[in-house]
*Asks:* 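After the structure tokens below, expect a handful of questions from me.
Proteins get letters first, then strands, A, B, ... in listed order; numbering begins at 1 in each.
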Amino acid sequence: MERRQPRAGSQEDQTRGLILDALVQQAFEQAFPGEDFSFVRVLPATDPKFGDFQCNDALKLAKKLKLPPRAIAEKVAALLPLKVEVAGPGFLNITVTGDWLEGRLSEMCADAHLGVEQCGKGRKVVIDYSSPNAAKQMHIGHIRSTVIGSAIDRIFRALGYDVIADNHLGDWGTQFGILIKGYRECLNDSERENLTVANLEKCYVLSAAKAKESEDWKDECRRELVKLQQGDEENLGLWKRFIDISIGEFERMYAKLGVKFDTYRGESFYNPMMPGIVSRLEEMGLAKESEGALIVDLSDEGLGVAIVRKSDGGYNYTTSDLACVKSRVEEYNPERIIYVTDDRQQLHFKQFFNIAAKMGYTGVQLVHVPFGLMSYQGKAISTREGNLIKLDDLLAESVKRCLATLSERGNADEALAEQIGYGAVKYADLSHDPATAIDFNWDKALALDGNSGPYLQYAYARVCSLMDKAGEDPEAVSAAGFATESNSEKQLALQLLKFPSVVRRAAEAYKPSVLAEYLYATCQLYSSFYQNSPILKSEAELRSRRLNLCRLFGKILKAGLALLGIETPSHI
RNA sequence: GGGGCUGUAGCUCAAUUGGAUAGAGCAUCAGACUACGAAUCUGAGGGUUGUGGGUUCGAUUCCCGCCAGCCCCGCCA
């Protein structure tokens with residue numbers, strides 16, 4: 001928060017996907033030889049009454065082939081070895097057989113990745129998220145970058161990408177002059193000995209307030225900063241200690257949220273590279289002097305002006321981010337770097353991506369995933385408004401509420417309450433498109449019904465319970481096949497089949513909400529099936545086939561929630 | 001002034017990137033527990049997709065103009 005599109009799918013990604021694509025493409029080629037039909041796609045039907053799958057591409061071809069769309073569709077339909085109907089202006093509606101469905105489900109089960117294609121194999125991406133400021137406690141404003149970034153991280157890993165998750169800490173800058181001064185003057189001995197982030201935050205606030213009213217104090221802060229920047233041993237030691245304590249505190253939060261970083265490279269890491277970046281910008285004629293500062297003028301491109309060196313000689317975020325790209329390219333040579341920050345920083349990222357390209361960093365795809373700000377009960381979150389809720393407190397409150405609900409049902413299990421409480425908070429965020437702003441509200445975030453984390457976890461717990469009752473292994477799918485006869489079975493089966501393409505779509509759009517939405521819809525179909533179809537009481541063969549369907553549902557739900565960083569307790 | 005984001009049921013949000021009659025949850029109303037777990041399920045009502053044009057077989061989606069809200073625009077990140 002403090003610190004802060006192209007498609008993810010390359011051509012080889014597209015070659016897999018639903019087997020039906022290839023089949024229908026073939027029919028098109030056969031019907032109209034010599035044309036390229038690689039763009040043809042078969043999608044899940046938008047409504048069961050249109051069959052199971054549909055292809056809309058005959059309509060698109062009408063102009064090119066100079067034929068009425070229905071005629072095209074009919075010619076293709078006649079060549080397809082599937083049950084297919086031409087409807088409306090030229091839709092191809094495809095209905096698959098139970099055998100076909102069972103075959104696909106079996107393949108999915110047999111695959112270690114549940115059918116999720118490993119299109120990221122051998123491809124490296126850096127994902128830059130969370131990035132809180134050192135010496136401050138994390139608050140609810142940090143949730144989105146952390147939770148969305150972490151989910152994107154997991155989703156890319158699931159697709160086989162080699163991901164480097166980097167936490168770009170705000171660990172350098174003027175605030176450390178204020179902090180060091182505050183540490184020396186505003187804390188007592190015991191506070192200095194048992195230094196915590198809370199204490200750091202306190203002394204920062206006190207010191208910053210004094211700097212505001214006293215020029216002397218301000219000057220001293222500045223002097224401490226200069227000493228730090230010049231490598232003064234004592235100040236450097238303090239700085240290091242502040243950082244270590246901060247990271248320790250952040251990791252306590254990350255442990256609760258199930259977030260894990262590969263590297264913690266703050267701005268200090270890139271600080272030594274700043275002069276080099278600036279001189280290169282000057283050499284290339286990209287930067288020029290203006291009002292004492294060094295700027296890159298992008299106003300011709302509608303991007304305003306970016307300052308790369310301040311009039312006091314210091315550097316700021318644009319320079320730091322450029323240095324960061326240089327460093328990442330040299331060390332990792334990733335094909336992509338993904339930044340997850342709030343949408344106020346959009347201009348900055350456009351500027352900095354633009355400059356990076358001009359500096360020659362064109363081999364790496366730079367992607368900004370902006371998310372809408374979180375407000376609190378209709379008001380922007382700010383220290384002044386006094387509505388800054390600490391992340392720690394939020395999570396504790398969530399757990400407390402879940403524990404209360406569990407207690408009512410005679411199951412006051414603290415660890416379980418944590419799984420549900422943390423999951424509820426994460427799901428409340430991830431189920432929304434990142435682009436939309438969220439107004440935080442306790443009741444909404446912690447709701448236990450409807451489209452919520454607990455609903456999904458509950459559905460999973462019921463599958464486990466069912467398997468317990470059946471006395472069967474919850475994971476091991478038997479050879480009996482899958483129930484697909486009834487309408488609710490078939491709809492669930494078709495839904496389960498979508499999982500791989502949903503994971504890919506979530507990655508391509510950088511939207512974990514795509515996956516969340518899918519999981520919720522899947523749970524609704526499962527609950528409906530479960531409520532209306534006896535499983536354990538069915539005769540032996542049907543029972544086994546229904547149990548297999550439940551098992552696969554459970555596996556997919558568990559895997560999907562894991563990608564969102566949400567745990568799946570087997571008993572609630 | 002320049003730019004970005006947002007606007008869909010009373011409320012909170014979807015809509016597979018241009019497809020068929022715009023879907024869910026909450027709330028409201030009517031049903032289903034001698035239970036494969038009711039944190040569930042079945043059903044009902046609820047819409048001029050901010051607004052006016054345009055593009056075409058077809059627009060919530062793309063283009064232009066307006067309206068409203070939020071945000072950014074040289075020394076914070």
*Asks:* Given B:rA38, B:rG4, B:rC72, which nucleotide is nearest the side-chain atoms of A:Arg344?
*Replies:* B:rC72
*Asks:* Side chain of A:Asn532 only, heavy atoms from C-beta on: which candidate in B:rG25, B:rU17, B:rC41 is closest?
*Replies:* B:rC41
*Asks:* Of the candidate nucleotides B:rA39, B:rG37, B:rA32, which contains the atom at the shortest distance from the side chain of A:Ala461?
*Replies:* B:rG37
*Asks:* Distance check needed: B:rU16 P versus A:Asp21 CG, whole Å only.
*Replies:* 17 Å
*Asks:* Mind checking whether A:Phe553 and A:Tyr526 have parallel, tilted or perpendicular rings, split at 30° and 60°?
*Replies:* parallel
*Asks:* How far does the C1' atom of B:rC62 sit from the matching atom of B:rG43, given to the nearest Å?
*Replies:* 39 Å
*Asks:* Could you tell me whether A:Arg41 and A:Asp57 make a salt bridge, using a distance below 4.0 angstrom between a side-chain N and a carboxylate O?
*Replies:* no
*Asks:* Which nucleotide wins on minimum distance to the side chain of A:Ile572, given the candidates B:rA39, B:rG25, B:rC5?
*Replies:* B:rA39
*Asks:* When rounded to the nearest Å, what value does the distance between C1' atoms of B:rG50 and B:rG7 take?
*Replies:* 6 Å
*Asks:* Would the base of B:rA20 count as contacting A:Gln54 through its side chain, where contact means a donor and an acceptor less than 3.5 Å apart?
*Replies:* yes
*Asks:* Should A:Arg462 be listed as having a side-chain N or O under 4.0 Å from OP1 or OP2 of B:rU40?
*Replies:* no
*Asks:* Searching all strands shown, indicate the nucleotide that pairs with B:rG58 (Watson-Crick or G-U wobble; both distances under 3.5 Å).
*Replies:* none
*Asks:* Does B:rG25 have its OP1 or OP2 closer than 4.0 Å to a side-chain nitrogen or oxygen of A:Gln524?
*Replies:* yes
*Asks:* Students often get this wrong, so: under 4.0 angstrom with heavy atoms, is A:Asn93 touching a base, only sugar-phosphate, or nothing?
*Replies:* base
*Asks:* What's A:Leu406 touching, base or sugar-phosphate or nothing? Going by heavy atoms closer than 4.0 Å.
*Replies:* base
*Asks:* How far, in whole Å, is B:rA27 from B:rU12 if one measures between their P atoms?
*Replies:* 15 Å
*Asks:* Looking at the angle O4'-C1'-N9-C4 for a purine or O4'-C1'-N1-C2 for a pyrimidine, is B:rU17 syn or anti, with syn meaning within 90° of 0?
*Replies:* syn
*Asks:* Measure the spacing between CG of A:Leu519 and CD of A:Gln495 and express it to the nearest 0.5 Å.
*Replies:* 9.0 Å
*Asks:* Does B:rU8 pair with anything, Watson-Crick or G-U wobble, both distances under 3.5 Å, and if so, with which nucleotide?
*Replies:* none
*Asks:* Assign A:Arg309 to base, sugar-phosphate, or nothing according to its heavy-atom contacts below 4.0 angstrom with the strands shown.
*Replies:* nothing
*Asks:* Rounded to whole angstrom, note down the P distance from B:rU6 over to B:rG18.
*Replies:* 15 Å
*Asks:* Classify A:Thr436 by what it touches in the nucleic acid, base, sugar-phosphate, or nothing, heavy-atom distance under 4.0 Å.
*Replies:* sugar-phosphate
*Asks:* What distance, rounded to whole Å, do you find between the two C1' atoms, one in B:rU49 and one in B:rU61?
*Replies:* 11 Å
*Asks:* Using a heavy-atom cut-off of under 4.0 Å over every strand shown, decide if A:Tyr455 touches base, sugar-phosphate, or nothing.
*Replies:* sugar-phosphate
*Asks:* Return the pairing partner of B:rG37 with a 3.5 Å limit on both distances, Watson-Crick or G-U wobble; otherwise return none.
*Replies:* none
*Asks:* Base, sugar-phosphate, or nothing for A:Asp439, non-hydrogen atoms under 4.0 angstrom?
*Replies:* nothing
*Asks:* Donor-acceptor pair under 3.5 Å: do we get one between A:Ser311's side chain and the base of B:rC75?
*Replies:* yes
*Asks:* Could you tell me how far apart A:Asp449 (CG) and B:rC13 (C1') are, to the nearest whole angstrom?
*Replies:* 15 Å
*Asks:* Answer with base, sugar-phosphate or nothing: what part of the nucleic acid does A:Lys288 contact at a heavy-atom distance below 4.0 Å?
*Replies:* nothing
*Asks:* For B:rC33, is chi within 90° of 0 (syn) or not (anti)?
*Replies:* syn
*Asks:* Where does the angle between the aromatic ring planes of A:Phe352 and A:Phe349 fall among parallel (under 30°), tilted (30 to 60°) and perpendicular (over 60°)?
*Replies:* tilted
*Asks:* With sugar-phosphate meaning primed atoms plus P, OP1 and OP2, does A:Ala87 contact a base, only sugar-phosphate, or nothing at under 4.0 Å between heavy atoms?
*Replies:* base
*Asks:* Closer than 4.0 Å, any side-chain N/O of A:Tyr427 to the OP1 or OP2 of B:rG25?
*Replies:* no
*Asks:* Students often get this wrong, so: under 4.0 angstrom with heavy atoms, is A:Tyr520 touching a base, only sugar-phosphate, or nothing?
*Replies:* sugar-phosphate
*Asks:* Report the distance from atom CG of A:Asp443 to atom C1' of B:rA39, rounded to the nearest whole Å.
*Replies:* 16 Å
*Asks:* Please tell me which of the listed nucleotides, B:rC41, B:rG74, B:rG19, lies nearest to the side chain of A:Asn56?
*Replies:* B:rG19
*Asks:* Would A:Ser570 and A:Met467 count as a side-chain contact (heavy atoms from CB on, under 4.5 Å) if you check the C-alpha gap in whole Å, the side-chain angles of each, and the deciding distance to 0.1 Å?
*Replies:* CA-CA 10 Å; A:Ser570 54; A:Met467 293 305 158; over 6 Å; no
*Asks:* Mind checking if A:Thr319 touches a base, just sugar-phosphate, or nothing, with heavy atoms under 4.0 Å?
*Replies:* nothing
*Asks:* Given the C1' atoms of B:rC26 and B:rA39, what is the spacing between them in whole Å?
*Replies:* 14 Å
*Asks:* Is the phosphate of B:rC76, meaning OP1 or OP2, less than 4.0 Å from a side-chain N or O of A:Lys310?
*Replies:* yes
*Asks:* Can you identify which nucleotide, out of B:rA39, B:rU16, B:rC5, has its nearest atom closest to the A:Asp343 side chain?
*Replies:* B:rC5
*Asks:* In terms of side-chain heavy atoms of A:Gln531, which of B:rC5, B:rG18, B:rU40 is nearest?
*Replies:* B:rU40
*Asks:* How far does the P atom of B:rG74 sit from the matching atom of B:rC11, given to the nearest Å?
*Replies:* 37 Å
*Asks:* Planes under 30° and centres closer than 5.5 Å, is that true for A:Tyr458 with the base of B:rG37?
*Replies:* no
*Asks:* Out of curiosity, A:Gln54 CD to A:Asn93 CG, how far, rounded to the nearest 0.5 Å?
*Replies:* 6.0 Å
*Asks:* Does any nucleotide pair with B:rU16 by Watson-Crick or G-U wobble geometry, both distances under 3.5 Å, and what is it?
*Replies:* none
*Asks:* Write down the distance between CG (A:Leu43) and P (B:rG19), rounded to a whole number of angstrom.
*Replies:* 9 Å
*Asks:* Taking only side-chain nitrogens and oxygens of A:Thr46, does any of them come within less than 4.0 Å of OP1 or OP2 of B:rU16?
*Replies:* no
*Asks:* May I ask you to say whether A:Asp128 pairs ionically with A:Arg265, meaning some side-chain N is under 4.0 Å from a carboxylate O?
*Replies:* no
*Asks:* Taking the chi torsion of B:rG74, is it syn (within 90° of 0) or anti (everything else)?
*Replies:* syn
*Asks:* Here's a test of your reading of the structure: between A:Phe50 and A:Thr318, which maps to the more 5' nucleotide of RNA chain B?
*Replies:* A:Phe50
*Asks:* Select base, sugar-phosphate, or nothing to describe what A:Glu291 touches, counting heavy atoms under 4.0 Å on all strands.
*Replies:* base
*Asks:* With both distances under 3.5 Å as the test, what is the Watson-Crick or G-U wobble partner of B:rU48?
*Replies:* none
*Asks:* Expressed as a whole number of Å, how far does the P atom of B:rU16 sit from that of B:rC63?
*Replies:* 16 Å
*Asks:* Just by distance, with hydrogens left out, do A:Ser478 and A:Asn548 show a side-chain donor and acceptor under 3.5 Å apart?
*Replies:* yes
*Asks:* Where the side chain of A:Phe91 is defined as all heavy atoms beyond and including C-beta, which of B:rA20, B:rG37, B:rG4 is the nearest nucleotide?
*Replies:* B:rA20
*Asks:* Is there a side-chain polar atom (N or O) of A:Ser465 under 4.0 Å from OP1 or OP2 of B:rG37?
*Replies:* yes
*Asks:* Any salt bridge linking A:Arg545 with A:Glu489? Criterion: basic side-chain nitrogen under 4.0 Å from a carboxylate oxygen.
*Replies:* no
*Asks:* Give none if B:rG74 has no partner; otherwise give the nucleotide forming a Watson-Crick or G-U wobble pair with it, both distances under 3.5 Å.
*Replies:* none
*Asks:* Specify the residue among A:Lys350 and A:Ser528 whose closest nucleotide of RNA chain B lies further upstream toward the 5′ end.
*Replies:* A:Lys350
*Asks:* When you measure from the centre of the six-membered ring of A:Tyr204, is the NZ or CZ of A:Lys136 closer than 6.0 Å and no more than 45° off the axis?
*Replies:* yes
*Asks:* Answer with base, sugar-phosphate or nothing: what part of the nucleic acid does A:Leu347 contact at a heavy-atom distance below 4.0 Å?
*Replies:* sugar-phosphate
